[in-house]
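For reference, the structure discussed in these notes is given below.
Hydrogens, waters and symmetry mates play no part in the numbers below; they use all other heavy atoms, side chains included.
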Amino acid sequence: MHTAKKKSRWHLVYYVLAAFDLVTISASLALNHRLTDMYEESVATNLQWASRSAIYSDLGELAIEVNAPGNNVFETREVALERSRMQQAAAVFAKRLSDAREDVRTGLEEQDRAVFEERLARVEAAMQGMIREADAIFTDFELDEDERAGTRMATMDRKYAEAARVTSELRHGVSEIQKDVFASQLALAASLKKFEWLLAGGILLIVGAVTVYGHKLARKIVADQEKIERANADLSQAKETADRASLAKSQFLANMSHEIRTPMNAVIGLSGLMLETSLDEEQKEYAQTLSRSADSLLSLINDILDFSKIEAGKLEIDNQEFDLATTLEDVVDLLAPRANEKKIELVYEIAPEVPCYLEGDPGRLRQVLVNLANNAVKFTETGEVVLQVQKLRDDGLFTELLFSVRDTGIGIPADRVDAVFDSFSQVDATTTRKYGGTGLGLAISKRLVELSGGRVWLESEPGVGSCFYFSLSLERQTNPQPVQLAPVEELANKRVLVVDDNETNRKLLVKLLEPLDLHCIEAASGQEAQALLATEDTFDAAILDYMMPGMDGIQLAAWIRDEPHLARLKLILLTSLSQRGSLGEAKGIGFDAFLTKPVKPSQVYDTLRVLFERSRAEEPRARSEILNAFNLPSENRNRRILLAEDNPVNQMVTRRMLDKIGLRVDVVSNGSQALEALKATRYDVVLMDCMMPVMDGYEATRMIREFEGSSRHTTIVAMTASAMKGDRERCLEAGMDDYLSKPVKLTTLTSMLETWLAVVPKRNVA
């Protein structure tokens, strides 16, 4: 007879244990959730009361600061100073007291609120009494009533003691309430202990069940560990693949940047040089279009590279010494052609109290200003674009500056103000929008400012204009060596007439002239200037804006030259780069000099210095060549430059630029030839390309430094298409003195060379 196999009932036990396990876990979760809530409530409550206690402690500390000047005046006798200190401390105290009242009104239960409000009122009454007594003490000192002041001091101290006592009561009240809160929380926690014992029993049962299945779980853990190890191996391989891809991307971006910048250097350089030549209107239009397109392409390339760095988290801020004034001049030099083409006034101003010798990242600062100002020029059809720098605060070590870029453009609707800083965002995103752009410039600017520890914001009104602001805290240079304008006796007390219909430009020009001990008189039109000059002949010079309604600067100058009593008046034409064709007409009428907008302080100084240093015996009409920024006397003219560049087109472009600014140049095609040239000839500056055959710029620089030793030091400036992160540092580590990234513009090259040519004689030993 066949007997059936008895079915095991152990699986029922497993089901029971599993069910009990679920109940226990659910109860444990509920208890843990409640305990977590209790903990969070306790922390929140304690933080609130700790904050209140801190407020009342601050009131006590601030009461000391309010009381101190009334006592200190007996020792310092500086009534005005101590009164000011007391008023400042009283203002801070009042603000803190207001915060405390607001906290009491919104954060306390009704039964506690009345007590705390009554105590705060007593504190306020005591402080007001103390302040009145302190004011009376200051008045007594001003009237030399020292004895009466001493009597009042006792009253003032009593008021202070009352304030201190009440603030102590406030803190004690906080402590009592905290004790009650703690007691309530402890009682609730005790009621949960019983439930914990039940959970402990359940946990013991769970442990027993886990022991039964321990061997099975162990095998499962081993299997899972093997899966994890395989997954980790796959992840490691994926990471290596991603790292290789990232490196390949970085190398591609670097190569792309270098390869694009090399021909761009020729395009931008030659178009700039072409605009400096005599062109008919059609040729000029073609050259300007070429220049604008090249600038737009370069801006697009830079934006894409910077955005890629931001996305990869690799965009960093450098720290180096720089001159803020020079940085702003570089910005306006870049933007002046576009502004002049649109007949927009481009003006910049640095407030007199702003320190210019700072430490930070001038390249990134310049990038932000160019992005904001270029944006302003793009969206402005008439009017002006004004760059200003003001000082917010200064502690002697760091200075916080407020930069602003204001325009009279189309403005931005209120509902789109926040969106302008988003990546790939435009106010008008339709395909038919009038104004182009990638929408990256403002997003990059915002990120750069934030990386530098500042913030960016915008104020705008449609149809009126926009003003972009950003603040930066920059370290002051420890041992700055500012360039001082040498005093010129001939400029002292000269009377200068400034004629310009644009009020902003006129006011800023007057500010540039005032430090030179000149007396400036303003005229807002040619007719107004004509009326002034018709009645007096005491002016020594007149600066005339070219483009003015009614009577322009040329017409006004023609009238002046026909007036015998104004024969010796020095005439300076204020014009834009796009109006430099007026130079011949200006010279024929009798102008002595012309200034190009936006005007730089050094240009104004040099122009007036040369004009007034000329021989007084000079006949009024027998004037020499008309002065301008390109022919002012300079000790750096005709210095000798060595250009190391392998690209024939870039050789030609750079040579033409150096010829344009009056510098002699020798050209070699690689680093080896540069080394041999320096062994044979002394050069003031070497412009060194980094990527050249035979011997690159890095190796050539190291060998030049080894060859020169300590006997001399030739200034070497890298002029390279390598413009990625770390390229500048690599050039400096190789021994180069400075760095220019291609494409290089004439203004940038001129500024760099003028800086180094001015210091080369001091650095050379032999």
Side-chain angles (χ1 to χ4, degrees), residues 315-334 348-370 387 389-403 445 448-454 470-485 600-602 636 684-688 701 705 713-720 723-741 744 747-764:
L315 195 145
E316 299 177 359
I317 301 298
D318 294 329
N319 192 63
Q320 58 184 281
E321 294 184 349
F322 72 99
D323 181 358
L324 179 62
T326 301
T327 300
L328 256 70
E329 288 181 359
D330 292 343
V331 172
V332 297
D333 282 342
L334 288 171
Y348 76 101
E349 178 188 12
I350 301 177
E353 67 274 10
V354 172
C356 286
Y357 295 92
L358 304 166
E359 293 186 13
D361 193 330
R364 293 304 184 185
L365 174 59
R366 186 184 302 109
Q367 183 179 357
V368 172
L369 288 170
V370 168
L387 284 72
V389 187
Q390 298 171 293
K391 184 174 72 174
L392 295 179
R393 59 184 60 86
D394 194 323
D395 61 6
L397 183 60
F398 285 87
T399 182
E400 185 175 3
L401 300 179
L402 175 65
F403 296 83
S445 297
L448 288 175
V449 172
E450 290 174 346
L451 282 173
S452 301
F470 68 94
S471 61
L472 284 180
S473 182
L474 298 170
E475 187 174 359
R476 303 184 68 160
Q477 292 183 22
T478 54
N479 295 303
Q481 297 180 347
V483 177
Q484 299 293 339
L485 296 180
K600 300 178 182 178
S602 58
N636 289 327
D684 297 291
V685 175
V686 178
L687 298 177
M688 183 76 74
T701 300
R705 296 300 181 224
H713 183 101
T714 302
T715 298
I716 301 177
V717 177
M719 195 164 72
T720 174
M724 299 296 287
K725 173 67 179 174
D727 287 327
R728 177 189 179 90
E729 291 73 15
R730 185 182 177 189
C731 292
L732 298 180
E733 289 173 1
M736 301 182 194
D737 298 281
D738 216 328
Y739 169 90
L740 277 175
S741 63
V744 177
T747 52
T748 307
L749 180 60
T750 302
S751 176
M752 175 71 75
L753 288 174
E754 287 291 341
T755 298
W756 284 106
L757 287 173
V759 300
V760 163
K762 298 179 182 179
R763 296 192 59 171
N764 286 347

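- Looking only at atom types and distance, the side chain of Trp756 has no donor-acceptor partner in the side chain of Asp737 under 3.5 Å away.
- Closest approach of Leu472 and Phe470 over heavy atoms only: CD1-CE1, 3.9 Å.
- Although no hydrogens or angles enter the test, the distance criterion places no donor-acceptor pair under 3.5 Å between the side chain of Arg364 and the main chain of Ser452.
- In terms of the side chain to side chain contact (heavy atoms under 4.5 Å, CB included) criterion, residue partners of Thr326 (sequence neighbours excluded) are, by chain and number, Asp323, Asp330, Ser751.
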**Prompt:** Does the side chain to side chain contact (heavy atoms under 4.5 Å, CB included) test come out yes or no for Gln367 and Leu448, once each step is laid out?
**Reply:** CA-CA 9 Å; Gln367 183 179 357; Leu448 288 175; 3.6 Å; yes

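- The side-chain contact (heavy atoms from CB on, under 4.5 Å) test with Leu732 singles out one residue from Glu729, Arg730, Arg728, and that residue is Arg728.
- Legend: residues meeting side chain to side chain contact (heavy atoms under 4.5 Å, CB included) with Val332, ordered by chain and number and at least two apart, are Leu346, Tyr348, Pro598.
- Nearest heavy atoms, Ile350 versus Ala325: CD1-CA, 3.7 Å.
- Residue Thr714 comes nearest to Arg705 through the heavy atom pair O-NH1, 2.8 Å, listed as atom of the first residue, atom of the second, then distance.
- For Glu450, the salt bridge (Lys or Arg N to Asp or Glu O under 4.0 Å) criterion is met by Lys446, not counting sequence neighbours.
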**Request:** Let me see the working for Val685 and Val717 under side chain to side chain contact (heavy atoms under 4.5 Å, CB included), right down to the final yes or no.
**Result:** CA-CA 7 Å; Val685 175; Val717 177; 4.2 Å; yes

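- For the atom pair Lys391 NZ and Leu401 CG, the distance stands at 9.0 Å (nearest 0.5 Å).
- Here the CZ-CD distance, from Phe403 to Gln390, works out to 11.0 Å after rounding to the nearest 0.5 Å.
- Glu359 is linked by a side chain to side chain contact (heavy atoms under 4.5 Å, CB included) to Asn319, Glu321, Glu475, Gln477, counting only residues two or more places apart in sequence or in another chain.
- Interatomic distance, CG of Leu740 versus CG of Leu687, reported as 7.5 Å (0.5 Å rounding).
- Remark: Leu392 pairs with Glu400, Leu402, Ser471 by the side chain to side chain contact (heavy atoms under 4.5 Å, CB included) rule, at least two apart or across chains.
- Note that CE of Met736 is 3.5 Å distant from OG1 of Thr701, once rounded to the nearest 0.5 Å.
- The heavy-atom pair separating Met719 from Val744 by the smallest distance is CG-CG2, 3.7 Å.
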**Prompt:** Hey, mind stepping through Asp684 and Thr715 against side chain to side chain contact (heavy atoms under 4.5 Å, CB included) and telling me if it holds?
**Reply:** CA-CA 7 Å; Asp684 297 291; Thr715 298; over 6 Å; no

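- Atom CG of Leu328 and atom CG of Leu324 lie 5.5 Å apart (nearest 0.5 Å).
- One distance of note links CD of Glu353 with OG1 of Thr399; it measures 9.0 Å at 0.5 Å rounding.
- Residue Asp394 comes nearest to Pro355 through the heavy atom pair OD2-CG, 4.1 Å, listed as atom of the first residue, atom of the second, then distance.
- Residues meeting the ring pair (Phe, Tyr, Trp, His ring centres under 6.0 Å) test with Phe322, sequence neighbours left out: none.
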**Asked** When you look at Val331 and Leu387, which way does the side chain to side chain contact (heavy atoms under 4.5 Å, CB included) test go after all the steps?
**Response** CA-CA 10 Å; Val331 172; Leu387 284 72; 3.8 Å; yes

